[in-house]
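The next block holds one structure in the form of C-alpha cells; read it before the comments.
These figures come from a predicted structure and were not determined experimentally. FYI, side chains are in, hydrogens and waters are out, and symmetry mates aren't considered; it's all heavy atoms of this structure.
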Amino acid sequence: MRLLVATLLLSLATAGAAELPHHLIVCADPNNLPFSNRARQGFENKIVDLVAKDLGAQISYVWWAQRRGYVRSTLGEAKCDLWPGVATGVDRMATTRPYYRSTYVFVTRAGAPLNHLTLDDPRLKGVSIGVQMIGNNAMNTPPAHAIANRGMIDNVRGYMVYGDYSRPNPPSTIITAVAKNEIDVALVWGPLAGYFAHRSAMPLRIDAVTPAADPRWPMVFDISMGVRRNDRALIEQLNAVLERESPAIKVILDAYHVPLETRLLPDGAQRRVN
C-alpha cells in the first residue's frame with residue numbers, strides 16, 4: 001500500500017513537468033556577425049550552445065536571413081523552435097525573459113574631438129553622420145528617426161541594415177565608413193558597434209546614445225529568444241536556463257564587447273556601457 005501511495009505521489013509531482021527537449025532547431029542568420037554565422041562563430045551561436053548543453057539537447061540550424069518576414073517564414077511555418085536575439089515582446093512570437101540589454105551608440109574615431117555626444121549636441125550639425133536604415137518608411141531605426149526629427153538631413157548618410165548580402169557581415173559597413181574617414185559619426189546598434197570597433201585597425205570610440213528614453217524612439221532594448229506563441233513549455237524551460245546560465249552568458253557577451261545597459265531603477269541606479 002505504501003509503495004502504491006508513493007508511486008501515486010511521484011506521478012502527481014511529475015505530471016505537470018514538461019519533458020526536456022532532446023533536439024532544438026534554431027533559426028539564425030548565416031551572415032551576420034557578431035550575432036551569428038554559418039560557422040557558428042557569433043555570440044548568439046555560443047549562447048545557444050550553452051542553452052542546449054544545459055538542457056541536454058542536440059541542436060541543428062535552419063539558416064535564414066533575418067530580414068522582413070523572417071518570423072512568418074520560419075517560426076510561423078514551424079521550420080524551427082526558436083530565434084535567438086530578438087527584441088523582448090516583438091510581434092508574431094512569444095519571447096523569453098531578456099538575457100541582455102543593450103543600447104544604440106555613437107561611433108567616432110578615437111582621435112576626433114567628438115566624445116560624449118548627445119542627440120542634441122550642436123557639434124552634430126557640422127559633421128557627417130551615418131545612420132542604420134531599414135527602408136524608406138516608418139520602420140527605420142530609432143536613431144534615424146531621432147536625427148531627422150532634429151532637422152539633420154543634408155549631412156546624414158544611410159547604411160542599410162540588410163546591406164549587400166554577397167559580402168561578409170553586411171551591416172558592418174557603417175563601422176568601416178567611420179574607420180575610413182568616410183563619415184565622422186555613426187549611430188549603430190551597440191553589439192554590432194562594440195564587436196567591429198574593437199576589431200578595427202583605426203581606434204574607435206563608442207558612447208551610448210542619449211537621450212535614450214524618448215518614448216517614440218527608445219535607444220535601449222531588452223533582448224530575448226523567440227519561440228512559437230503556443231509553445232509555453234519551451235518558454236518556461238528556456239527562462240529557467242537563461243536564469244541559471246546568466247553569469248556564463250555575461251562572460252560570452254563581454255568577450256564580444258557587447259555594450260550592456262543595466263535596467264534603470266527608481267532610485268536612478270547607474271547606467272553601464274562597456
Please report the interatomic distance [atom1]([X]) to [atom2]([Y]), rounded to the nearest 0.5 Å.
X    : Y    : atom1 : atom2 : answer
L242 : L238 : CG    : CG    : 6.0 Å
R205 : L114 : CZ    : CG    : 6.5 Å
T95  : I235 : OG1   : CD1   : 6.5 Å
R228 : L75  : CZ    : CG    : 6.5 Å
I59  : D49  : CD1   : CG    : 4.5 Å
W63  : D29  : CH2   : CG    : 8.5 Å

More than 12 foreign heavy atoms under 6.0 Å from [atom1] of [X]: is that the case here?
X    : atom1 : answer
K79  : NZ    : yes
N115 : CG    : yes
H198 : NE2   : no
R92  : CZ    : no

- Query: Taking it one step at a time, do I223 and Y99 satisfy side chain to side chain contact (heavy atoms under 4.5 Å, CB included)?
  - Reply: CA-CA 6 Å; I223 302 300; Y99 55 95; 4.3 Å; yes

- Test side chain to side chain contact (heavy atoms under 4.5 Å, CB included) on V258 and Y100 and set out the steps. CA-CA 9 Å; V258 175; Y100 75 95; 4.1 Å; yes

Can you see which heavy atom on [X] is nearest to which on [Y], and at what distance?
X    : Y    : value
R167 : N31  : O-ND2, 2.9 Å
W83  : C27  : CE3-O, 3.1 Å
P211 : M219 : O-CG, 4.0 Å
G226 : V86  : N-CG2, 3.7 Å
L119 : A146 : CD1-CB, 3.9 Å
Y162 : I134 : OH-CG2, 3.8 Å

- Query: Would T108 and L204 satisfy side chain to side chain contact (heavy atoms under 4.5 Å, CB included), going step by step from the backbone distance to the final call?
  - Reply: CA-CA 6 Å; T108 56; L204 300 177; over 6 Å; no

Heavy-atom side-chain proximity of [X] to [Y] below 4.5 angstrom:
X    : Y    : result
L234 : Q237 : yes
Y104 : V220 : no
P259 : I206 : yes
P171 : N32  : yes
R97  : S224 : no
P30  : N37  : no
L117 : R123 : yes
M225 : I47  : yes

- Message: If we count only N and O atoms by modelled type, under 3.5 Å, do the side chains of Y159 and R157 hold a donor and an acceptor together?
- Response: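 Per modelled atom types, Y159 and R157 side chains form a pair under 3.5 Å.
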
- Query: Does any donor atom in the side chain of Y61 or N45 lie under 3.5 Å from an acceptor atom in the other side chain?
  - Reply: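 Yes, a side-chain donor-acceptor pair sits under 3.5 Å.
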
- Could you label the plane-to-plane angle of the H145 and W217 rings as parallel, tilted or perpendicular, counting under 30° as parallel and over 60° as perpendicular?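 Because their plane-to-plane angle is under 30°, the rings of H145 and W217 count as parallel.
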
Validation: residues 182-193 side-chain donor-acceptor distances under 3.5 Å, sequence neighbours left out:
from, atom 1, to, atom 2, distance (Å)
D184, OD1, R109, NH2, 2.9
D184, OD2, S128, N, 3.0
D184, OD2, S128, OG, 3.1

- So, are K250 and D254 salt-bridged, with charged N and O less than 4.0 Å apart?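 Here K250 pairs with D254 in a salt bridge, since their nearest N and O are under 4.0 Å apart.
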
- Going by an N to O cut-off under 4.0 Å, is there a salt bridge joining E77 and R72?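 R72 and E77: not salt-bridged.
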
- Honestly curious: do I175 and M202 fall in one hydrophobic cluster under the side-chain, below-4.5 Å linking rule?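 Hydrophobic grouping puts I175 with M202.
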
- Query: Do V251 and V241 share a hydrophobic cluster, counting only Ile, Leu, Val, Met, Phe, Trp and Tyr and linking them when any side-chain heavy atoms are less than 4.5 Å apart?
  - Reply: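 No.
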
For the side chain of [X] and the backbone of [Y], is there at least one donor-acceptor N/O pair under 3.5 Å apart?
X    : Y    : result
K46  : R40  : yes
T141 : Q132 : yes
T118 : D121 : yes
D81  : L24  : no
S246 : E243 : no

- Apply side chain to side chain contact (heavy atoms under 4.5 Å, CB included) to the pair R150 and D120, showing each step before the final yes or no. CA-CA 8 Å; R150 287 165 169 80; D120 298 309; 2.7 Å; yes

